[in-house]
Protein chains: 4
Amino acid sequence: MTDRSTGQEDKRRLILDAAVHVFAQKGYHTSRVGDIAEEAGVAHGLLYHYFRSKEELLETIFRETWRDVLDAVRSVEESDESARDRLAGIAKILLRAWRRDPDLVRVLVREVTRSSHLQQRIDEIEAAFAGIERIIARGQEEGEFRSDLDPRMASYVFYGALEEILTGWVLGQLEDGVEAIARAEETVVEVICGGLAADRETAKV
Amino acid sequence: MTDRSTGQEDKRRLILDAAVHVFAQKGYHTSRVGDIAEEAGVAHGLLYHYFRSKEELLETIFRETWRDVLDAVRSVEESDESARDRLAGIAKILLRAWRRDPDLVRVLVREVTRSSHLQQRIDEIEAAFAGIERIIARGQEEGEFRSDLDPRMASYVFYGALEEILTGWVLGQLEDGVEAIARAEETVVEVICGGLAADRETAKV
Amino acid sequence: MTDRSTGQEDKRRLILDAAVHVFAQKGYHTSRVGDIAEEAGVAHGLLYHYFRSKEELLETIFRETWRDVLDAVRSVEESDESARDRLAGIAKILLRAWRRDPDLVRVLVREVTRSSHLQQRIDEIEAAFAGIERIIARGQEEGEFRSDLDPRMASYVFYGALEEILTGWVLGQLEDGVEAIARAEETVVEVICGGLAADRETAKV
Amino acid sequence: MTDRSTGQEDKRRLILDAAVHVFAQKGYHTSRVGDIAEEAGVAHGLLYHYFRSKEELLETIFRETWRDVLDAVRSVEESDESARDRLAGIAKILLRAWRRDPDLVRVLVREVTRSSHLQQRIDEIEAAFAGIERIIARGQEEGEFRSDLDPRMASYVFYGALEEILTGWVLGQLEDGVEAIARAEETVVEVICGGLAADRETAKV
DNA sequence: AATGAATGAGTTTTCATTCAT
DNA sequence: TATGAATGAAAACTCATTCAT
């Protein structure tokens, strides 16, 4: 994800970072535009110089973040790895974001459903899902994954597992820390890839 | 979940149903008390006769519904089945609720599970998670599930998979319908339970 | 015109009267909604209970007033008088409004053009114009007025004369007072009806 | 009126023309400084290099234009014509200006003549009225016009007739076009001068 | 129990104007 | 001259909640 920590960049970035911070603390609806401006150290009017509205601010955060996620997913997709390693790579990207930028993850997790009631979920999110689905489908074609399961449904299972763990961290319900993150990665990959593995197929019968 | 369809109930029920409907369409924050009253066909003042505030309305919906979910989870837990069948039972309960009352599921998924304003909510959700966790842990103890994975983490994987599929339906991005629901149940159970199965354990090494 | 002075009527009337007063002092754009509420002695929120917006307030003032004017024009139209007396009657109605309710005339005169840039001038105004035009046309048919002039254009000349005199009073440029009002009536009727009189027709050649 | 069409002029002229255009479309209060700058193709900051404020812009338009009107009225006043021809000359000037520069007339009629914020404006408009009044008074002295009517009041009748017709064109409610303009001139002159004519005087009695 | 008029705190947004570059 | 980023006062409007009836 884009580096959001320097604060030396332009005002637009400053405002965006402030918004992430404020939204993370109070939630989108409870945050006031003035809070964001104050956090950014600018007059609130300036905010409207860069963004059309408070809502566009949230949308921009979503879009920019998911663009980065999408890029990461794509580079994983293009790598020369097994399907399992590819999914592991994606799990790593998403779960480690929590360490890198908790506020951002907080906003993303708490407001996902918010952002999507106007937008049918942002295009970028859809594209990332499609990438996961492709990885699974290719794993099936190449015999690594069992092919009797719907790859689209499976991509929801995989992504849902990751998001729920992030949510657990955000809400403070799931143990946090470097070690826990590693364990989360392992669990997700073991469970999902284990369940998807080709030698499972017969087990079903 | 509680029957909400007879129309014979009192005004309180009427208001509660209207709230579910309105929250489902517009989200909690964007819904106005007046909308709910209009939907219920009563004056908005009456709402304050039965509920202390708009928030109490959401809380009530959550509590009444979640109690049903909890009951269902518990009855599954107490049943005399394999761990796999128990998880399948829970998946069935949650996914089929979608058909029965999409609005209610929408509100639960979009508003309640994510947002953290009320600590109490979190506690009750925790109880459901704990039930799932116990089922998994018992599966491990009884040798049905591999025991090298964290059951708590695994319960998040399982619940997250279900919730993401519900979200896909809520947002209209995942194919809907009776057959798709069956496929969803199968996929979740196959993947998660397959990945959790005891014979996976060695595969890891 | 509707009696606006009792203040014992409903709140809606109270707000409308306050709006006339405030708009008359400061002009529509310069008046704040809060001023109107304060003048009416109600919370500003109540204003939005009765009117959709500040603009609707102005529009209502226009519409209600012109409805009254229209009624007056119609009763003149139906009277059994000469065309000249009918026009004199209309002049009397409009010019004496200045004495009866200066604030209302002030608002009407100062904001006419304002009100009409969204609305193509309110329907009621158009109808009143049409009434004047019909009176002139009938005067032509019955031989009282020369028939070589466009009655529509003539109605604009007549109404414009009246409005300009009202404007002169509003802006304080034209001598005011009971006697001046009588003089104004006389001048308008003498000039316009004199110019429209049938024996003028030949004079033109 | 000043030529506003060459496009060779300086930025100041450009801004002034843009302001006339924008004020004509949206009205003074509803026009934003940014709109004017955009229409002129300059940064909005530049506007403050040439004018102290948005209001000064309107004032400048008014003053520059009205000076032309005043000059025209004066040259008519000094001409060696009958009073009737003089009034016809003034009607011609004002009504034909509409064809030459509708936007400018629109602004003059809609914004300037009515609203009273600037006392100075009123004074200058007064001068034009005074010119018309003098023409009428002289017509009375020289026996061309009946002398029993108040020349000041009559000047309002005359000017009001012209302004109302302009307004009718501005609002698109009165038929427009070269021929209609000629008809308007004729109607105004015939009616007003006919009504003012000396041989009317006895008719009154 | 039921209504809906009344309240007023709270918030987003607009936009004229300034000023560093 | 020219730009457009930056400011912040100002205002309309919303809506949860209260309460007289």
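This is a predicted model, so every value here is computed, not measured. Values below: all heavy atoms of this structure, side chains included; hydrogens, waters and symmetry mates excluded.
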| Please, which pairs that meet side-chain hydrogen bond (donor to acceptor under 3.5 Å, both in side chains) have at least one residue in residues 34-47 of chain A, sequence neighbours excluded? |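 Qualifying pairs: Lys26(A)-Asp35(A), Arg32(A)-Asp35(A).
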| request: Mind listing the closest non-hydrogen atom pair of Arg110(A) and Gln25(A) along with its distance? | output: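 Between these two residues, the closest heavy atoms are NH1-O, 4.2 Å.
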| said: On a heavy-atom basis, which atom in Ala37(D) and which in Ala43(D) lie closest, and how many Å separate them? | reply: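 Answer, listing the atom of Ala37(D) first, then Ala43(D): CB-C, 4.0 Å.
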Exercise answer: donor-acceptor pairs, residues 45-54 of chain B side-chain atoms, under 3.5 Å, sequence neighbours excluded:
unit_1, atom_1, unit_2, atom_2, d
Ser53(B), OG, Glu55(B), N, 3.3
Ser53(B), OG, Glu56(B), N, 3.2
Lys54(B), NZ, Tyr28(B), O, 3.0
Lys54(B), NZ, Ser31(B), O, 2.9

| Centroid-to-centroid, Trp66(C) to Phe62(C), below 6.0 Å? |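 Ring centres of Phe62(C) and Trp66(C) not closer than 6.0 Å.
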| Sugar-phosphate, base or nothing in reach of Thr30(A), heavy atoms under 4.0 Å |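 The answer is nothing, as Thr30(A) stays clear of every strand by at least 4.0 Å.
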I need the [X] [atom1] to [Y] [atom2] distance, nearest 0.5 Å.
X	Y	atom1	atom2	value
Ile61(C)	Leu108(C)	CD1	CG	8.5 Å
Arg12(C)	Leu14(C)	CZ	CG	12.0 Å
Arg106(C)	Leu171(C)	CZ	CG	9.5 Å

| With Val107(A), which residues qualify under side-chain contact (heavy atoms from CB on, under 4.5 Å), at least two apart? |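 Val20(A), Phe23(A), Ala24(A), Leu58(A), Glu111(A).
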Using whole Å, report how far [atom1] of [X] lies from [atom2] of [N].
X	N	atom1	atom2	result
Lys26(C)	dA10(F)	NZ	C1'	12 Å
Leu14(D)	dT1(F)	CG	P	14 Å
Glu56(C)	dC13(F)	CD	C1'	14 Å
Glu55(B)	dC15(F)	CD	C1'	16 Å
Leu57(C)	dA11(F)	CG	C1'	15 Å
Glu38(C)	dA11(F)	CD	P	13 Å

| query | Closest nucleotide of DNA chain F for Lys54(B) versus for Val33(C): which of these residues is on the 5' side? | reply |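 Per heavy-atom nearest nucleotide, the more 5' residue is Val33(C).
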| message | Taking Glu124(A) first and then Arg67(A), would you say they form a salt bridge - that is, a charged N and a carboxylate O separated by under 4.0 Å? | response |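 Looking at Glu124(A) and Arg67(A), the cut-off is not met.
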| If you walk 5' to 3' along DNA chain E, what is the first nucleotide with an atom under 4.0 Å of a heavy atom in chain A, and what is the last? |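 It runs dT11(E) to dT14(E).
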| query | Between residues 40-52 of chain C and DNA chain E, which residues have a heavy-atom gap below 4.0 Å? | reply |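 When residues 40-52 of chain C is checked for heavy atoms under 4.0 Å from DNA chain E, the hits, listed by number, are Val42(C), Ala43(C), His44(C), Gly45(C), Leu46(C), His49(C), Tyr50(C).
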| query | Out of Asp10(D), Ile36(D), Leu57(D), which one pairs with Leu16(D) under the side chain to side chain contact (heavy atoms under 4.5 Å, CB included) rule? | reply |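 Only one option passes, and that is Leu57(D).
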| In dot-bracket form, how is DNA chain E paired, counting a Watson-Crick or G-U wobble pair only if both its distances are under 3.5 Å and using | for bases paired to another strand? | .||||||||||||||||||||
